[in-house]
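Working notes, beginning with the structure itself.
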There are 2 protein chains.
Amino acid sequence: MGKQKIQNMEEFAEFSGISRPTLSKYFNDPDSVRPKTRDKIERSLAKCNYQPNIFAINQNRKLTKNVGIVVPYLADPFFAEMARGIETFVIAAGYRPILLSSHGDPELEKDNLASLRAIKPAGVLMAPLGRSSDRAAIEAFCADVPTVCFDANIEGVGAAFVGHNNVQAMELMVEYLVRSGEPPTFFEMRNPPNPNANKRRMAYIDTMEALGHTPHVIQAEGEGWKIEEIGFHEGRKALIDGAFATKTVFCSNDRLAIGFLAAAYELGLRVGLGADCALRVAGHDNHPFSSFTCPTLTTVSQDYAAITARCVEMLVELIEGQQQQNTRATILIDGKLTMRASA
Amino acid sequence: MGKQKIQNMEEFAEFSGISRPTLSKYFNDPDSVRPKTRDKIERSLAKCNYQPNIFAINQNRKLTKNVGIVVPYLADPFFAEMARGIETFVIAAGYRPILLSSHGDPELEKDNLASLRAIKPAGVLMAPLGRSSDRAAIEAFCADVPTVCFDANIEGVGAAFVGHNNVQAMELMVEYLVRSGEPPTFFEMRNPPNPNANKRRMAYIDTMEALGHTPHVIQAEGEGWKIEEIGFHEGRKALIDGAFATKTVFCSNDRLAIGFLAAAYELGLRVGLGADCALRVAGHDNHPFSSFTCPTLTTVSQDYAAITARCVEMLVELIEGQQQQNTRATILIDGKLTMRASA
DNA sequence: TATTTAATTTTACGCGCGTAAAGTTTTGCT
DNA sequence: AGCAAAACTTTACGCGCGTAAAATTAAATA
């Protein structure tokens, strides 16, 4: 490989026979130069391994091509999956994803925003922690950098929100459970870290009442993101106490359901649809592991692909769109019933 | 908040009454200036919200404070958990973690290394994809930037390796299974993405032979990182075919075991230690979800905390240590038997 | 072919900070 | 108090690139 060592754009200008300002234009947007010169540049580029210094670029441009992705808890496969989708779309859109997890800690969430500020991102995609988030800090951040929120909607925060349609999804599942058996009891955390939980409870109650049934809600104690553990211990307790009004349990999310199923198993309760089953259990989210629970978990799936695609789209519009809209868009993506063995 | 707006170090020098070169020294290493001036700087810092421009810093320093973390598959909670630990230690060591996932794709792994190169990292912590990795590309990268590998050891690649002691761990589990019941059959993927699998098979065979038992290995077909799915389908097939030589199955890793347990459940096979159980199943890794399988999974746990701590330690030594050692260190951390209900 | 328009080159400055060199002040030590 | 060492200030240059302005060249239009 006789590839020359070219250190900077000056040298590459000499090497390629194109002036430096034109090269600068090219690297910023290859389509902004004449096709002929573009060809010439790219042919030269193939002959050496020059690559513009990203620090020098970012220092001098007011706006970088960085896009921050902030997630509340990356060790949760749900968010890992979301992050994966978002990363892919961000790269496809020509930006550079920077993935940060808050690991469930509001302080770290603030730190993450601070360190994002330092890299002057073109925009940020953020799933806030929710209840424990420092709202003021996030608002201040969103005022400075274009931010699209996903997963958890903090009313009024961010330029847009793209998320799951909890109301539609809850209706879907409650109606299915009622139709195929008896009305469900709702099982959730009393203090859920994620704000979707509240929307789900309310949608559950509304749907149940609309269908002429009495809603029953069992609330698990416990704080934080060890949700399976809470589902297990509190679900176990509730089962032993006979706290469930019906034998059909609709868990607020799949992680809770995973813990709950483990508890039911330990107590020797057969879960499923058959006549020989003591319980029916449904979840919500279509968590990556919900296909491998025992029994496999009937759930409402969030449309990962649509949500991730849409929120990247929104952000790109926000960044590249000339006219700035003042209205905060809220986009809700419908869920789908995913029927498996547990209900 | 009458905080002044200070744009650069020049202005902050005037504001704080400290010369710019000294400030530069301070920001590079707060301990390199006299305590008195350090106090003075920090008191001024509290009075405004100046923060050095990270791009300008990185452009001019030969070495940044960036530390890359490359993981083969972030949607795997095992790696998510590893990444979480590593991030924390990297921050504690005064560096800036940049987390990248290869999402199971060797091309993306190469891309990740390329984009890491662009940010001139002080060092990189890398868990290679393994079998599918482009060895030459990784070697070339390691030759240029200090790299400590973890999880998957590619012999000779990287300045050091920190990982799990597969041999010790396998001995531990095989001995336990033999002692507490019958000798296990080993269940693994024929073409595992991760190189640990081969070490585990060999250790299984060695230990079985040392104990005077005949090793039995069942190999699941299938490629890629959908390991639970492979464990489920291939495990199901093997169970139906009566392929297991014994009723004790030791799975090469917990994800495989999670799928296998789901298959056993579906087939109505009771898993556990009791006389009423048709199978005993053990895993390997102490995957975050192994506490919530049905039944809960007996496994050999990797010492997450020790591995993550140790590999960050190694990298920091490598970066900051004056004398460069030419010997490639290989550090293996012992596993622990984690007994639960499945075996 | 002449003319308008668009693209490129030349020249030059600035971004914010690292860092070297020489001079000055402060500190620690006897 | 005197002195050497350490820390600091002043001055000055460089990093690699963005970008503005004026001059030049190429392309598109008539």
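A, B, ... follow the sequence lines: proteins, then strands. Residue 1 opens every chain.
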Rounded to the nearest 0.5 Å, what separates atom SG in B:C48 from atom CD in B:E11? 10.0 Å
Measuring from atom CZ of A:F27 to atom CD of A:Q51, what distance do you get when rounded to the nearest 0.5 angstrom? 9.0 Å
pair B:E10-B:E14: side-chain heavy atoms closer than 4.5 Å: no
Which protein N or O atoms sit under 3.5 Å from an N or O of nucleotides 24-29 of chain D?
unit_1: D:dA27; atom_1: OP1; unit_2: A:K36; atom_2: NZ; d: 2.9

Taking the six-membered ring for Trp and the single ring otherwise, decide whether the centroids of B:F78 and B:Y304 are under 6.0 Å apart. yes
How about B:Y50 and B:F12: are their ring centroids closer than 6.0 Å? yes
Pick from A:N153, A:I333, A:I307: which one makes a side chain to side chain contact (heavy atoms under 4.5 Å, CB included) with A:H164? A:I307
When A:C142 is tested against each of A:V124, A:V157, A:I154 for side chain to side chain contact (heavy atoms under 4.5 Å, CB included), which residue passes? A:V157
For residues B:H103 and B:E109, is any side-chain donor paired with an opposing acceptor at under 3.5 Å? no
Check the side chains of A:N58 and B:N58 for a donor-acceptor pair under 3.5 angstrom, ignoring hydrogens and angles. no
Residues in residues 19-29 of chain B with a heavy atom under 4.0 Å of DNA chain D, by number, are B:S19, B:R20, B:P21, B:T22
Show your reasoning for whether salt bridge (charged side-chain N to carboxylate O under 4.0 Å, His left out) applies to B:E87 and B:R84. CA-CA 5 Å; B:E87 268 197 351; B:R84 191 167 74 98; over 6 Å; no
For chain A and DNA chain C, what are the first and last nucleotides along the strand, 5' to 3', with at least one atom under 4.0 angstrom from a heavy atom of the protein chain? C:dA7 to C:dG16
